[in-house]
Amino acid sequence: MTPGNRPLVGLQDGAGIVSLRHVRLLRRALFVAGDRPLTVGAFDGAAAALPARSGAGSRSVLYVARVGSVLELRAEFVPADAPDAAIWGMFGFTMTIPLDQRILSR
């Protein structure tokens, strides 16, 4: 959350949104593709897209990290059948706030 009590990173209509106004608060974020291509966009309209799955039975993951004042975007591929918790662990993430089960079932 930002000082204005708004999400620093979020999803809207299938697109990942990073608040550039407060980007200095961002350390890293992870976006895992579902069944549709994964699109991450900035509020200025710039966007990047990844296919949901590769031809090799993998699904796409977009790792976002702030390095100084630059956002680094790194596309990775993980096994298509890997559960979300395992994917988070591959990138050093753990969930500190339980997610709504409706989100996890998508």
Side-chain angles (χ1 to χ4, degrees):
M1 300 302 287
T2 66
N5 205 28
R6 294 189 177 158
L8 179 60
V9 175
L11 292 173
Q12 181 177 352
D13 299 326
I17 305 294
V18 176
S19 172
L20 295 180
R21 180 176 184 183
H22 299 287
V23 75
R24 69 186 178 284
L25 300 174
L26 179 71
R27 202 174 107 213
R28 60 194 180 129
L30 191 66
F31 296 92
V32 180
D35 294 328
R36 299 181 308 181
L38 179 65
T39 301
V40 176
F43 288 117
D44 69 355
L50 290 171
R53 302 195 185 272
S54 75
S58 298
R59 70 175 161 165
S60 301
V61 174
L62 185 68
Y63 179 81
V64 180
R66 182 181 57 82
V67 180
S69 61
V70 174
L71 285 180
E72 176 184 79
L73 305 173
R74 189 175 80 209
E76 299 284 345
F77 296 95
V78 297
D81 59 351
D84 287 343
I87 295 170
W88 299 333
M90 290 175 199
F91 292 87
F93 285 80
T94 57
M95 294 311 283
T96 56
I97 300 172
L99 291 180
D100 186 328
Q101 291 301 312
R102 290 174 294 173
I103 295 171
L104 292 175
S105 65
R106 289 186 195 173

Shortest non-hydrogen contact from Gly34 toward Ala52: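 The answer is O-CB, 3.5 Å.
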So which atom in Gly92 and which in Arg28 form the shortest heavy-atom distance, rounded to 0.1 Å? O-NH2, 2.9 Å
With a 3.5 Å cut-off and sequence neighbours excluded, list the donor-acceptor pairs that the side chains of residues 60-69 form with protein atoms.
from	atom 1	to	atom 2	distance (Å)
Ser60	OG	Pro51	O	2.3
Arg66	NE	Val23	O	3.3
Arg66	NE	Arg24	O	3.4
Arg66	NE	Leu26	O	2.8
Arg66	NH1	Gly68	O	2.9
Arg66	NH2	Arg24	O	3.2

All N/O donor-acceptor pairs, side-chain side in residues 72-82, below 3.5 Å, sequence neighbours left out:
from	atom 1	to	atom 2	distance (Å)
Arg74	NE	Glu76	OE2	2.7

Which pairs pass salt bridge (Lys or Arg N to Asp or Glu O under 4.0 Å) with one or both residues in residues 49-65, sequence neighbours excluded? Asp35-Arg53, Arg59-Asp84
Point-to-point distance, once rounded to the nearest 0.5 Å, from CZ of Phe91 to CG of Leu30: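 Taking CZ in Phe91 and CG in Leu30, the distance rounds to 5.5 Å.
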